[in-house]
Student: 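Structure provided below as C-alpha cells; questions to follow.
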Number of protein chains: 2
Amino acid sequence: MEVCITSLLRDKGFKVTPQRLAIYNMLSSTRSHPNAEMIFNELQAMYPTMSLATVYKTMEILKEIGLVQVLNAGEDSFRYDAVMTNHPHVRCTECGKVEDVYDVNIDAFVNEVSQGTKYQIMGQQFYFHGICPNCQRKNSN
Amino acid sequence: MEVCITSLLRDKGFKVTPQRLAIYNMLSSTRSHPNAEMIFNELQAMYPTMSLATVYKTMEILKEIGLVQVLNAGEDSFRYDAVMTNHPHVRCTECGKVEDVYDVNIDAFVNEVSQGTKYQIMGQQFYFHGICPNCQRKNSN
DNA sequence: TTTTTATAGAAAACAATTATCGAGTAATTT
DNA sequence: AAATTACTCGATAATTGTTTTCTATAAAAA
C-alpha cells in the first residue's frame, strides 16, 4: 500500500511527503467517509502544523492519481473514500454517518440508462438517505 | 398550475408575490434544471429588481411546500427541478447540460438497497455523467 | 553535497449560499 | 376604504467550504 502510493506519486511528478502519506493512510484505514475537516481534525494531533489547505490540495492530487473518490452525499461538504470501486452510499439523516452499500447490481441499471438516454455513460453516483438501524432503534424507545 | 402554487403558498402562510410566481413559472416551463444564477439571469430582464437572495429564499419556500426538488449533480452549485417525481439525472461533462432519465425501474433497486442495508430509505438521488449524443457527434468530426 | 523544483502552511481570496434589516406591500381587520 | 398587521423584497453583510498566493523549506536530481 505504502509502496503503491509512493511510486504512484513519484511517477506522476508529485513529491512524496509525510503529510500526503498520513492523509492517505488515515483515509484508507477508515470506513467513515470523512470530509476535509474530519481528516484535518484527526491528523492535527499527530501533525500539529497540518492545515486544511494541505488536506484539500492532497485530496486533489489523490483524486487525480486515482487513489480516492469524492462523494457528494447531498451535504454541504465533500466526503472522501479510498475505496475506488464504484458503490452506492447511504447517509443516515439522523446521525449523519455515511455507509457503503454493497451487494447490489449496478451494471444492469447503468446499462438501462445508457441505452435509454443514448449517453455514453462515464460514471454515476447513487446516494440514498434514510434512517440507520441504530437510529431506528433509538427512535422507537 | 397558477391556482395550485397560489393556494399552496397561502395555505402555508406564505404570501403570494409576483417574484415567487415568476420564479416558479420559469422553473416549471423549462427542462434545463437551472441553478440559482441561471434563474436570476433569466428573470432579471423582466423583473429588474430581482435579486439572487430572493431566488434562494423562494427556492427554500418552494422546496418546503413540495413544489421543487433540489439537485446536487456533483457541481459547485445546486440545480432545481419543478418535476417532483423522483427520477435520475444525467449530466453531460462536455456541454454541462443536465437531462432527466425516464423509463428506468428504480423501485426494485431501492428495495434491494433497503433490504441489504436495513436502513429505512427515505429518498435517493441517482446521478450519471457522460457524453450526450450531441457532443458525441461533435467529437467524432 | 549542491542545485533544482515542488510543497507546506499561513493568510488572503473566492464563490455559493444564508442572514440581517429597513422600507415596502399584501392580506386582514376595522 | 382605511388602518393595522405581518410577511416579503432586496441591498448589504456575513458565513462556510474550498482554492489560491506566497515564501521558507523539504524532497528529488545532479
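So that the names make sense, note that chain A is the first sequence line, chain B the second, and so on, each numbered from 1.
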Student: Looking at DNA chain D, which of residues 57-68 of chain B put a heavy atom within less than 4.0 Å of it?
Tutor: B:Lys57
Student: May I ask you to list the residues sharing a hydrophobic cluster with A:Tyr127, side-chain cutoff 4.5 Å, ordered by chain and number?
Tutor: A:Leu71
Student: For residues 38-50 of chain A, which residues have at least one heavy atom under 4.0 Å from DNA chain C?
Tutor: A:Thr49, A:Met50
Student: Are any protein N/O atoms closer than 3.5 Å to N/O atoms in nucleotides 27-30 of chain D? If there are, list each pair with its distance.
Tutor:
{"from": "D:dA27", "atom 1": "N3", "to": "A:Lys15", "atom 2": "NZ", "distance (Å)": "3.3"}
{"from": "D:dA28", "atom 1": "OP1", "to": "A:Arg10", "atom 2": "NE", "distance (Å)": "3.3"}
{"from": "D:dA28", "atom 1": "OP1", "to": "A:Arg10", "atom 2": "NH2", "distance (Å)": "3.1"}
{"from": "D:dA28", "atom 1": "OP1", "to": "A:Val16", "atom 2": "N", "distance (Å)": "3.4"}

Student: Judged by atom type as modelled, is there a donor-acceptor pair below 3.5 Å linking the side chain of B:Thr93 to the main-chain atoms of B:Gly130?
Tutor: yes
Student: Side-chain contact, heavy-atom cut-off 4.5 Å: B:Arg20 with B:Ile61?
Tutor: yes
Student: Please tabulate the protein-to-nucleotide N/O contacts below 3.5 Å involving nucleotides 13-17 of chain C, giving atom names and distances.
Tutor:
{"from": "C:dT17", "atom 1": "OP1", "to": "B:Phe78", "atom 2": "N", "distance (Å)": "2.9"}
{"from": "C:dT17", "atom 1": "OP2", "to": "B:Tyr56", "atom 2": "OH", "distance (Å)": "2.2"}
{"from": "C:dT17", "atom 1": "O5'", "to": "B:Tyr56", "atom 2": "OH", "distance (Å)": "3.3"}

Student: So which one's nearest nucleotide on DNA chain D is more toward 5', B:Gly13 or B:Ala53?
Tutor: B:Gly13
Student: Tell me, do A:Glu75 and A:Asn35 make a side-chain contact under 4.5 Å, heavy atoms counted?
Tutor: no
Student: Check side-chain contact (heavy atoms from CB on, under 4.5 Å) between B:Ile65 and all other residues, then give those that pass, not counting sequence neighbours.
Tutor: B:Leu8, B:Leu9, B:Lys12, B:Phe14, B:Leu62, B:Leu67
Student: I'd like to check B:Met59 versus B:Leu27 (side-chain heavy atoms, cut-off strictly below 4.5 Å). Are they in contact?
Tutor: yes
Student: Could you tell me the separation between the CG atom of A:Asn72 and the P atom of D:dG17, rounded to a whole number of Å?
Tutor: 14 Å
Student: What side-chain hydrogen bond (donor to acceptor under 3.5 Å, both in side chains) pairs are there with at least one residue in residues 37-52 of chain B, not counting sequence neighbours?
Tutor: B:Ser51-B:Thr54
Student: Are the side chain of B:Gln69 and the backbone N or O of B:Thr85 linked by a donor-acceptor pair below 3.5 Å?
Tutor: yes
Student: Run the ring-ring contact (aromatic ring centres under 6.0 Å, His included) test against B:His89 and tell me which residues pass, sequence neighbours left out.
Tutor: B:His33, B:His87
Student: Kindly say whether A:Val98 contributes a backbone atom to a donor-acceptor pair with the side chain of A:Arg31 at under 3.5 angstrom?
Tutor: no
Student: Using the C1' atoms of five pairs at each end, what's the angle between the two axes of the helix from C:dT1-D:dA30 to C:dT30-D:dA1, to 10 degrees?
Tutor: 30°
Student: In this structure, would A:Ile106 and A:Tyr102 fall into the same cluster of hydrophobic residues linked by side-chain contacts under 4.5 Å?
Tutor: no
Student: Considering residues at least two apart in sequence or located in another chain, which fulfil the ring-ring contact (aromatic ring centres under 6.0 Å, His included) criterion with B:Tyr80?
Tutor: none
Student: For B:Gln19 and C:dT25, give me the distance from atom CD to atom C1', rounded to whole Å.
Tutor: 10 Å
Student: Under 3.5 Å, which donor-acceptor pairs do the side chains of residues 115-122 of chain B form with other protein atoms, sequence neighbours left out?
Tutor:
{"from": "B:Thr117", "atom 1": "OG1", "to": "B:Val113", "atom 2": "O", "distance (Å)": "2.8"}
{"from": "B:Thr117", "atom 1": "OG1", "to": "B:Tyr119", "atom 2": "N", "distance (Å)": "3.2"}
{"from": "B:Tyr119", "atom 1": "OH", "to": "A:Glu99", "atom 2": "OE1", "distance (Å)": "2.6"}

Student: Not counting sequence neighbours, list each pair that qualifies as a salt bridge (Lys or Arg N to Asp or Glu O under 4.0 Å) and has a residue in residues 54-66 of chain A.
Tutor: A:Glu60-A:Lys63
Student: For the residue pair B:Phe128 and A:Phe109, does the interplanar ring angle fall in the parallel (under 30°), tilted (30 to 60°) or perpendicular (over 60°) class?
Tutor: tilted
